Enquirer: 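Here it is: the structure, laid out below.
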Amino acid sequence: MSTNNSKQPVSPAAGLLSNTTCQMEEELSISFSITFMTVGILSNSLAIAILMKAYQRFRQKYKSSFLLLASALVITDFFGHLINGAIAVFVYASDKDWIHFDKSNVLCSIFGICMVFSGLCPLFLGSVMAIERCIGVTQPIFHSTKITSKHVKMMLSGVCFFAVFVALLPILGHRDYKIQASKTWCFYKTDHIKDWEDRFYLLLFSFLGLLALGISFFCNAITGISLLRVKFKSQQHRQGRSHHFEMVIQLLGIMCVSCVCWSPFLVTMASIGMNRQDFIGACERTLFTLRMATWNQILDPWVYILLRKAVLKSLYTFTRRCCGVHIISLNVWELSSIKNSLKVAAISESPVTEKVTQQTST
């Protein structure tokens, strides 16, 4: 029924984009797509296996929420690489002849929906994980009594449904996803924008992504400061001397990787939506920022899952042998460092502890 309407945006776009400067070498582009897809699938598969093993070993309540959210994040990244990568490789193998294999614009719409969902959902999950960790460290009693596994699953479902809703907004508004200037991927309309609705989709995507990054940065900063405070308090009270290098390094990795990888693409989409700049002239730059965003999904399992205490201890031992410098002793890095830290935080802030410290000081 809507075949004629869907054909019209494709054919003129194909004729227009064939003469643009965004013409990269075919072998280089398809090699990037295959490399990104392969590395992403392998790294996320390894992370899923590690998560399943960790969930079988640790079933404590304070770890179950993190493992559940981390599993959802890794699974989302896995299917994002699998679906988007498979479509991209198929497009390259078909010589990017969209008119021939996608006359009804169905494949482009599926590609665009998957691109938006696999982009926003991991950012949303990262912000939810940051909020959950922030509450768990700053308010351990509230976290242990109020935030149950049922609540975490409800938040997870809400995040996924909201990401799906945002991805389906153009379809619900009777707008098709558009083939981009390089003819290798589909997204919101980014060239010759004259309608406020097309501009709204770009600005909404950028705003939600930057908001998720801002929430993650803010919550992770509070969590890191709280962990450092707990470390100093544990030294003062001589209880639970656990070093928090695992959590602090993970927080730094989360903030750095997410901001570095996603900020350029989100800012580029926002500038296209606000300033009406010519997308075709900035095609290569946009492809570069898109590949940077793809690297975030590749690095997610390494930051969240694989950067564990055992890896850090091995790296510390190797560095110490190479440099011959004793930086800090890791023998007291206890198995349940986060749990002991929360105990120290709860004890140190209780009124009983304050009275005992006052009596001992007098």
Side-chain angles (χ1 to χ4, degrees), residues 1-45 76-119 167-168 170-171 174-192 198 201-202 205 265 268-269 272 278-295 297-298:
M1 296 175 62
S2 60
T3 304
N4 296 329
N5 294 333
S6 60
K7 282 183 181 180
Q8 291 177 356
V10 178
S11 298
L16 176 64
L17 299 177
S18 59
N19 297 323
T20 61
T21 58
C22 188
Q23 299 293 334
M24 297 184 177
E25 296 183 4
E26 186 77 12
E27 296 180 358
L28 181 63
S29 298
I30 194 171
S31 64
F32 269 119
S33 298
I34 294 177
T35 301
F36 283 174
M37 182 180 66
T38 304
V39 174
I41 290 175
L42 291 178
S43 60
N44 284 281
S45 299
T76 303
D77 289 337
F78 174 82
F79 282 103
H81 277 287
L82 182 62
I83 298 175
N84 295 332
I87 297 177
V89 172
F90 171 77
V91 170
Y92 281 116
S94 302
D95 295 328
K96 298 183 286 187
D97 189 5
W98 288 89
I99 302 177
H100 178 71
F101 62 79
D102 191 27
K103 295 181 180 180
S104 59
N105 206 38
V106 175
L107 182 62
C108 183
S109 298
I110 295 175
F111 199 2
I113 292 172
C114 293
M115 288 287 292
V116 174
F117 175 81
S118 61
L168 291 176
I171 307 299
H174 303 286
R175 298 294 179 98
D176 293 329
Y177 281 91
K178 303 299 180 180
I179 304 170
Q180 302 304 304
S182 62
K183 297 195 292 185
T184 57
W185 60 296
C186 293
F187 203 65
Y188 299 125
K189 183 177 177 61
T190 53
D191 62 312
H192 305 288
D198 294 326
Y201 295 143
L202 289 173
F205 178 83
F265 182 76
T268 300
M269 293 295 104
I272 293 174
D278 186 9
F279 173 74
I280 298 176
C283 177
E284 295 183 2
R285 178 172 59 88
T286 305
L287 282 178
F288 177 74
T289 58
L290 177 64
R291 285 168 179 166
M292 288 182 63
T294 305
W295 271 108
Q297 296 179 340
I298 295 176

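Positions are given from 1, in the same order as the sequence printed here. These numbers come from a predicted model, not from an experiment.
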Enquirer: Identify the heavy atoms of V91 and K183 that sit nearest to each other, and give their distance.
Expert: CG1-O, 3.6 Å
Enquirer: Are the side chains of T268 and F265 in contact, using a 4.5 Å heavy-atom criterion?
Expert: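 Not in contact.
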Enquirer: Using the side chain to side chain contact (heavy atoms under 4.5 Å, CB included) rule, take S118 and F79 through it: C-alpha gap first, then chi angles, then the decisive distance, then the call.
Expert: CA-CA 8 Å; S118 61; F79 282 103; over 6 Å; no
Enquirer: At what distance, to the nearest 0.5 angstrom, does CG of D191 lie from CG of D198?
Expert: 10.0 Å
Enquirer: Would you name the heavy atoms of T184 and S182 that are closest together and state the gap between them?
Expert: OG1-OG, 2.7 Å
Enquirer: Check V116 against A167 and note the closest heavy-atom contact, atom names and distance.
Expert: CG1-CA, 3.8 Å
Enquirer: Compare every heavy atom of I41 with every heavy atom of S45, then report the nearest pair and how far apart it is.
Expert: OG-O, 2.6 Å
Enquirer: For M115 and L290: C-alpha separation, side-chain torsions, deciding distance, then whether side chain to side chain contact (heavy atoms under 4.5 Å, CB included) applies.
Expert: CA-CA 10 Å; M115 288 287 292; L290 177 64; 3.6 Å; yes
Enquirer: Show your reasoning for whether side chain to side chain contact (heavy atoms under 4.5 Å, CB included) applies to K178 and T190.
Expert: CA-CA 8 Å; K178 303 299 180 180; T190 53; over 6 Å; no
Enquirer: Please identify which of these residues, F187, Y177, Y188, meets the side-chain contact (heavy atoms from CB on, under 4.5 Å) condition with Y201.
Expert: Y188
Enquirer: Check the pair I87, W185 against side chain to side chain contact (heavy atoms under 4.5 Å, CB included), reporting the backbone distance first and the verdict last.
Expert: CA-CA 9 Å; I87 297 177; W185 60 296; over 6 Å; no
Enquirer: Got M269 and T286 here, is their nearest side-chain heavy-atom distance under 4.5 Å?
Expert: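 Side-chain contact under 4.5 Å: yes.
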Enquirer: Under 3.5 Å, side chain of D77 to main-chain N/O of H81, donor-acceptor pair present?
Expert: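 Flag not set: sc D77 to bb H81 has no pair under 3.5 Å.
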Enquirer: Just how far is it from atom CD1 of I99 to atom CD1 of I179, taken to the nearest 0.5 Å?
Expert: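 Output value for this atom pair is 7.5 Å.
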Enquirer: As an exercise, state the distance from CG of D97 to CG of D102, rounded to the nearest 0.5 Å.
Expert: 10.5 Å
Enquirer: In Å, rounded to the nearest 0.5 Å, how long is the span from OG1 of T38 to CD1 of I298?
Expert: 9.5 Å
Enquirer: K189 and L202: which non-hydrogen atoms are nearest, and at how many Å?
Expert: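 Minimum heavy-atom contact is O-CD1, 3.5 Å.
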Enquirer: C186 and F111: which non-hydrogen atoms are nearest, and at how many Å?
Expert: N-CD2, 3.8 Å
